[in-house]
Amino acid sequence: MQYWLMKSEPDVFGIDALARAPRRTTGWEGVRNYQARNMLRDDFRKGDRAFFYHSSCEVPGVAGVVKVVREAYPDPTQFDAKSEYYDAGSTREAPRWFSVDVQLERRIEPVITLLELREHETSALREMLVLKRGNRLSVTPLTAAEWRCIVALRPSVASSRAAQSTAGLRTRSKKS
DNA sequence: GCCAACGTTGGC
DNA sequence: GCCAACGTTGGC
């Protein structure tokens, strides 16, 4: 299993929006960078875990854990002339851009802030791409060691996970 | 195929 | 709003 970090701007689509989405699942659409595209298309596997990272906002940081529930398929927004992600140069026969589906597994509360991550940037998180200046990749791989280091910053995860699955059940039963 | 100009990203 | 970093574009 692989670990990832996926960036999203909470003003556009944040952890709250994901928590409210049907099945707490979303297509990761709109990636228009070839390096990130290649990872989504070639390397993302069902069952991989990713941190949901809030960027370009007041408190940048890791806001949750998501699970890859569907592997790469053509990003539908590239064919939608009304979408801001529309790409006139892409065809259905040879799609240029790909999405995966991710499902919210648990929130991380409070958010693990970028400042907090930076406390480890000279040791355990030395290689972490999101900490490097000018990193613009919206999707980056993490090592298992980096994943463990970040998860360990919120030792209360076990209890909050239980509380959340209860909350999730309540939400679902309200809908049905 | 080089490279300057330009646009976007994202932390601060 | 600033600015550094970096990908993309387009002229040559």
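These values consider heavy atoms only, across backbone and side chains, with no hydrogens, waters or symmetry-generated copies. Everything quoted here is computed from the prediction, not taken from an experiment. Here is how names work: the chains are called A, B, and so on, in the same order as the sequence lines, proteins then strands, and each is numbered from 1.
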Q: Once you apply a heavy-atom cut-off of 4.0 Å, does A:Arg32 come out as touching a base, just sugar-phosphate, or nothing?
A: nothing
Q: So, do A:Trp4 and A:Tyr53 have ring centers that fall under 6.0 Å from each other?
A: no
Q: Name the first nucleotide and the last nucleotide along DNA chain B (5' to 3') that come under 4.0 Å of a heavy atom in chain A.
A: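 So the contact region on DNA chain B extends B:dG7 to B:dC12.
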Q: Measure centre to centre between the rings of A:Trp97 and A:Tyr34, then say whether the value is under 6.0 Å.
A: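 Yes, ring centres under 6.0 Å apart.
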Q: So do the side chains of A:Phe52 and A:Ile108 get within less than 4.5 Å of each other, counting heavy atoms only?
A: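 With C-beta onward as the side chain, the pair stays apart.
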Q: What residue pairs, at least two apart or across chains, pass ring-ring contact (aromatic ring centres under 6.0 Å, His included) with a residue in residues 122-153 of chain A?
A: A:Tyr3-A:Trp147, A:Phe51-A:Trp147
Q: Can you give me every donor-acceptor pair (side chain of residues 56-74 of chain A, partner residue at least two apart or in another chain, under 3.5 Å) with its distance?
A:
unit_1  : atom_1 : unit_2   : atom_2 : d
A:Glu71 : OE2    : A:Lys46  : N      : 2.9
A:Tyr73 : OH     : A:Asp101 : OD1    : 2.5

